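Side chains are part of it too, since the values below use all heavy atoms of this structure and drop only hydrogens, waters and symmetry mates. Counting convention: from 1, in listed order, for ligands and their atoms alike. Fair warning: this is a prediction, and the values are worked out from it, not measured in the lab.
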Amino acid sequence: MRIAVLALQGDFEEHEAVFKRLNVSTCQLRQKSDLDLKFDALVLPGGESTVQGKLLRELDMFEPLRSRIEEGLPVMATCAGTILLAQQLLDDPVVHLGTMGISVRRNAYGRQLSSFHTIGNFAGLKDVSMSFIRAPQIEFCNPAVEVLAEHNGRITAVRQNNQLAMTFHPELGTDSRVAEYFLSEML
Ligand code: GLN
């Protein structure tokens with residue numbers, strides 16, 4: 001089994017480190033030809049969604065990745081990755097991959113709360129470590145989307161068939177259970 005990590009920008013190395021701890025091999029997607037590598041699932045890391053979306057288009061990786069996701073490739077998206085998957089951005093006319101039935105507001109926590117750490121329930125798992133860094137908010141979900149986590153009444157993790165998306169960073173720290181959920185429930 002091999003997990004591809006989109007490695008254009010953002011914290012892709014932290015995601016790779018989690019899978020390494022779980023003895024799962026990874027490969028980096030940096031250019032179009034990397035899409036020919038053999039992999040079973042995709043991680044879209046946090047970072048800056050505008051930069052990632054622009055690079056995906058410039059490098060001609062946008063369409064092939066979008067169709068692989070629509071064909072059922074398991075994908076785990078965190079933070080900026082979630083913005084890339086959203087069908088609608090509430091404060092931005094641009095839509096990126098748009099494969100997931102969620103409406104997302106970027107930088108939704110304002111300046112005061114822009115970065116914080118908490119623990120919470122995720123898909124029945126207790127006290128999962130969650131770091132929020134200039135996090136977006138999932139404001140609406142269509143009926144195909146299942147809510148897996150919430151924090152203070154805000155939706156923080158969702159799943160739609162092969163797509164898992166969250167507004168926090170589960171890859172920071174030593175708690176690997178979100179990645180384990182992805183591997184065991186979605187691959
Ligand atoms: N604020 C970033 C964006 O809009 C996301 C932040 C993150 O990925 N930690 O893309």
- Query: With hydrogens left out, which residues have an atom under 4.0 Å from ligand 1, given that only heavy atoms count?
  - Reply: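 The 4.0 Å shell around ligand 1 contains Gly46, Gly47, Glu48, Ser49, Cys79, Ala80, Ile83, Arg106, Asn107, Ile133, Arg134, His169.
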
- Any side-chain heavy atom of Arg159 sitting closer than 4.5 Å to one from Met186?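 Yes, their side chains come closer than 4.5 Å.
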
- Item | Approximate separation, where rounding is to 0.5 Å, of Phe39 CZ and Leu73 CG |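 Between atom CZ of Phe39 and atom CG of Leu73 there are 6.0 Å.
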
- Query: Which pairs with one or both residues in residues 56-76 pass salt bridge (charged side-chain N to carboxylate O under 4.0 Å, His left out), sequence neighbours excluded?
  - Reply: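 The answer is Lys54-Glu58, Glu63-Arg66, Arg66-Glu70.
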
- Query: Which salt bridge (charged side-chain N to carboxylate O under 4.0 Å, His left out) pairs, counting each pair once, include a residue from residues 161-187, with sequence neighbours left out?
  - Reply: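 Pairs touching residues 161-187 that pass the test: Asp175-Arg177.
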
- Query: Does any donor atom in the side chain of Thr167 or His151 lie under 3.5 Å from an acceptor atom in the other side chain?
  - Reply: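 Per modelled atom types, Thr167 and His151 side chains form no pair under 3.5 Å.
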
- Listed once per pair and sorted, the ring-ring contact (aromatic ring centres under 6.0 Å, His included) pairs that draw on residues 156-187, sequence neighbours left out: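 Every pair satisfying ring-ring contact (aromatic ring centres under 6.0 Å, His included) with a residue in residues 156-187: Phe122-Tyr181, Phe132-Phe168.
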
